[in-house]
S.K.: 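My questions will all concern the structure given below.
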2 protein chains.
Amino acid sequence: MSNELIHNFLLGFIKLHILYHAQKEPIFGQEFKKELKRHGYDISFGTLYPIFHKLENKGYLKSKQENVNGKIRKYYFITKKGERILKQSKNKAKELFDELFEK
Amino acid sequence: MSNELIHNFLLGFIKLHILYHAQKEPIFGQEFKKELKRHGYDISFGTLYPIFHKLENKGYLKSKQENVNGKIRKYYFITKKGERILKQSKNKAKELFDELFEK
DNA sequence: TATATAATAACGGAAGTCGATATCGAAAGA
DNA sequence: TCTTTCGATATCGACTTCCGTTATTATATA
């Protein structure tokens, strides 16, 4: 669906996107993947889960298992450290990105 | 210098960034790398040159060798096809990106 | 206990990344 | 005209990332 440049962009951008969503509300794999797909972006579980794990290892996310309708879900929440790095990264990324639109 | 999230972002973003600059004026490897570094972003030649080649193979860039002060430089120019993909990609990327700032 | 389901986790080949090194082509000097 | 130098591009091997696919886990229901 998307072109290769956009897919590349998404892959680099995905960690910020995940932290952003985890800041708004707890997220979990299946739903997050679906949400991306609704917007036309497809990313595999083989890519997505290792990214969750890495963000958790770095201390940017924290997870909590929950039983939802008899199914186990692993919800991810953002941490204070995650909020800091997100804020800092957003601004740096914005500098680069805005150049494209010559703001 | 930059954190890992930003470096990831840059790697996904770099192709758009290259096309954007090549649209404004001809670019070449050494100078482009230096320009990034001035802004605090570091990327190796082993990454950069293959990206130029790939963008040229796809027909988004065209190159022309020039002798500048007795040294050979390979200048890259954007093509019509490159302009099209850049325009299209910019807008898609903007959708994703703006969400971070809730515009 | 068997089956279905929704979710996470792991595997392995392909592609990307990087630091380091090699190569290239023109000019300058002997 | 050989060789050195310099700015630049190209390539290499080790490592890491990406992703389609398959495996695993846990629970509900029959």
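Order of the sequence lines fixes the chain letters, A, B, ..., with proteins taken first and strands second; residue numbering starts at 1 for each chain.
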S.K.: Does the side-chain hydrogen bond (donor to acceptor under 3.5 Å, both in side chains) test come out yes or no for A:Glu31 and A:His21, once each step is laid out?
M.R.: CA-CA 11 Å; A:Glu31 172 56 28; A:His21 277 283; over 6 Å; no
S.K.: Can you check the A:Ile72 CD1 to C:dA7 P distance for me, whole Å?
M.R.: 11 Å
S.K.: Quick one: is B:His7 getting a side-chain N or O under 4.0 Å of the C:dC18 phosphate, OP1 or OP2?
M.R.: yes
S.K.: Pick base, sugar-phosphate or nothing for B:Asn69, based on heavy-atom distances below 4.0 Å to the nucleic acid.
M.R.: nothing
S.K.: Can you figure out which of D:dG20, D:dT9, D:dT27 approaches the side chain of A:Ser44 most closely?
M.R.: D:dG20
S.K.: Compute the ring centroids of A:Phe28 and A:Tyr76, then answer whether they are less than 6.0 Å apart.
M.R.: no
S.K.: Please give me every residue in residues 45-54 of chain B whose heavy atoms get under 4.0 Å of an atom in DNA chain D, ordered by residue number.
M.R.: B:Gly46, B:Tyr49, B:His53
S.K.: For B:Glu66 and C:dG25, what is the distance between atoms CD and C1' respectively, to the nearest whole Å?
M.R.: 15 Å
S.K.: Can you tell me how far the OG1 atom of A:Thr47 sits from the CD1 atom of A:Ile14, to the nearest 0.5 Å?
M.R.: 9.0 Å
S.K.: Measure the distance from CZ on B:Arg73 to P on C:dA26 and round it to the nearest whole Å.
M.R.: 15 Å
S.K.: Expressed in angstrom and rounded to an integer, what is the separation of B:Glu4 atom CD from C:dC18 atom P?
M.R.: 12 Å
S.K.: May I ask you to verify if any side-chain N or O of B:Lys74 is less than 4.0 angstrom from the OP1 or OP2 atom of D:dA10?
M.R.: yes
S.K.: Given atom CG of B:Asn8 and atom P of C:dC18, what is their separation to the nearest angstrom?
M.R.: 10 Å
S.K.: Assess whether side-chain hydrogen bond (donor to acceptor under 3.5 Å, both in side chains) is satisfied between B:Glu99 and A:His17, documenting all intermediate values.
M.R.: CA-CA 9 Å; B:Glu99 199 185 343; A:His17 206 248; 3.2 Å; yes
S.K.: Roughly, in whole Å, what's the span from CD in A:Gln65 to C1' in D:dT24?
M.R.: 13 Å
S.K.: What integer distance in Å separates A:Phe28:CZ from C:dA6:C1'?
M.R.: 9 Å
S.K.: Go through residues 10-23 of chain B and report each residue with a non-hydrogen atom lying under 4.0 Å from DNA chain D, sorted by number.
M.R.: none
S.K.: Please state how far atom NZ in A:Lys64 lies from atom P in C:dA7, giving the value in whole angstrom units.
M.R.: 18 Å
